[in-house]
Amino acid sequence: AQTVTQSQPEMSVQEAETVTLSCTYDTSESNYYLFWYKQPPSRQMILVIRQEAYKQQNATENRFSVNFQKAAKSFSLKISDSQLGDTAMYFCAFQEGGSEKLVFGKGTKLTVNP
Amino acid sequence: KAGVTQTPRYLIKTRGQQVTLSCSPISGHRSVSWYQQTPGQGLQFLFEYFSETQRNKGNFPGRFSGRQFSNSRSEMNVSTLELGDSALYLCASKWGTGTGELFFGEGSRLTVL
């Protein structure tokens, strides 16, 4: 069974600084997808960024980028120029190709301080 | 465009009762998934429906069931409630199959006393 591990339960960063959230996963599959989801205090989860395992290029969405190390099974999220609105729980998630199921990590609570 | 709507938002039940939660997906979305979120276990996949058919099911006991209607609205039911069923139940929808973006509702907070 696939597992996703987020080793940092809580992190904090100053506004405008850069922060990196860690995620490792375990799978024997070769076809899979990785995601970072954000859950603000209002609880509605939203997709931040996704990465296809077959793509070597790291995904980027504005201030959010990932460092995808396939051999190490690592998928970290970098948030640049942190903003107060980035304060939220961040979940790393894994999806096997052909499956509709997402496997989530336990989450990292990120606080952006003014 | 309306988002994913879940009702009720909060509810309190007692052990042994049953509960039905409802989810209205984004218009045009045909896939609906359900997740249970607890502080201890995190987010766990319950099941997924597409065009009224359950395609995937997580490792939950048979007390947890669901269905999807022809208009893509979905319900999940939990019978014989236990204290451990207290959780936030999240519904998510997407247009089709595969790895399309999931859109989540705000959840239904169930407390079992």
Side-chain angles (χ1 to χ4, degrees), chain A residues 1-10 21 23-25 27 29-55 59 61 64 66 68 75 88-109, chain B residues 2-6 8-10 23-26 29-51 53-60 66 68 74 87-110:
Chain A
Q2 292 89 3
T3 58
V4 177
T5 302
Q6 294 179 247
S7 59
Q8 306 148 314
E10 291 193 42
L21 280 57
C23 172
T24 59
Y25 59 95
T27 184
E29 300 294 328
S30 58
N31 179 24
Y32 56 89
Y33 303 81
L34 295 162
F35 308 85
W36 279 98
Y37 277 89
K38 169 185 177 181
Q39 188 177 40
S42 66
R43 299 184 312 198
Q44 191 166 29
M45 296 242 291
I46 56 174
L47 177 66
V48 175
I49 199 166
R50 58 176 276 166
Q51 174 80 42
E52 292 86 350
Y54 63 84
K55 288 187 177 179
E61 287 288 341
F64 299 88
V66 298
F68 175 45
F75 183 61
M89 283 290 291
Y90 286 82
F91 293 95
C92 179
F94 170 98
Q95 182 178 13
E96 179 184 330
S99 171
E100 299 297 329
K101 170 185 173 182
L102 284 179
V103 178
F104 286 88
K106 290 293 180 69
T108 296
K109 183 179 180 181
Chain B
V4 178
T5 304
Q6 292 188 244
R9 292 288 310 279
Y10 302 90
C23 172
S24 293
I26 290 173
H29 286 193
R30 297 168 64 192
S31 170
V32 173
S33 300
W34 289 89
Y35 288 82
Q36 181 196 63
Q37 185 175 20
T38 60
Q41 299 298 317
L43 283 148
Q44 293 187 289
F45 174 79
L46 281 156
F47 26 65
E48 186 264 351
Y49 288 87
F50 182 83
S51 293
T53 300
Q54 185 184 88
R55 297 190 299 177
N56 291 257
K57 191 176 191 305
N59 296 325
F60 279 82
Q68 186 180 33
S74 178
L88 180 67
Y89 290 88
L90 294 171
C91 169
S93 74
K94 63 181 180 180
W95 179 78
T97 62
T99 58
E101 180 177 351
L102 274 178
F103 293 83
F104 284 83
E106 293 189 341
S108 292
R109 169 76 65 187
L110 170 65

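Residue numbering restarts at 1 for every chain, and letters A, B, ... go by the order of the sequence lines.
- Heavy-atom distances place both the backbone and the side chain of A:Leu102 under 4.5 Å from chain B.
- Put simply, the side chain of B:Phe47 does not reach to within 4.5 Å of the side chain of A:Lys101, judged on heavy atoms.
- Shown here are the ring-ring contact (aromatic ring centres under 6.0 Å, His included) partners of B:Tyr35, two or more places apart in sequence or in another chain: A:Phe104, B:Phe45.
- The shortest distance between side-chain heavy atoms of A:Lys106 and B:Leu43 does not fall below 4.5 Å.
- Contact check on A:Glu100 versus B:Lys94 returns a salt bridge, with a Lys/Arg side-chain nitrogen under 4.0 Å from an Asp/Glu carboxylate oxygen.
- For B:Phe103, the ring-ring contact (aromatic ring centres under 6.0 Å, His included) test picks out B:His29, with sequence neighbours left out.
- Contact annotation: the side chain of B:Glu101 never approaches that of A:Arg50 to less than 4.5 Å [non-hydrogen atoms, C-beta and beyond].
- In this structure, CD on B:Glu106 lies 13.0 Å from CE on A:Met45, to the nearest 0.5 angstrom.
- Here B:Gln37 is the residue among B:Lys57, B:Gln37, B:Gln41 with the most heavy-atom pairs under 4.5 Å with chain A.
- Side-chain contact between B:Leu90 and A:Gln39 is present, with heavy atoms from C-beta onward closer than 4.5 Å.
- Within the 4.5 Å cutoff, the side chain of B:Phe104 has no heavy atoms near those of the A:Leu47 side chain.
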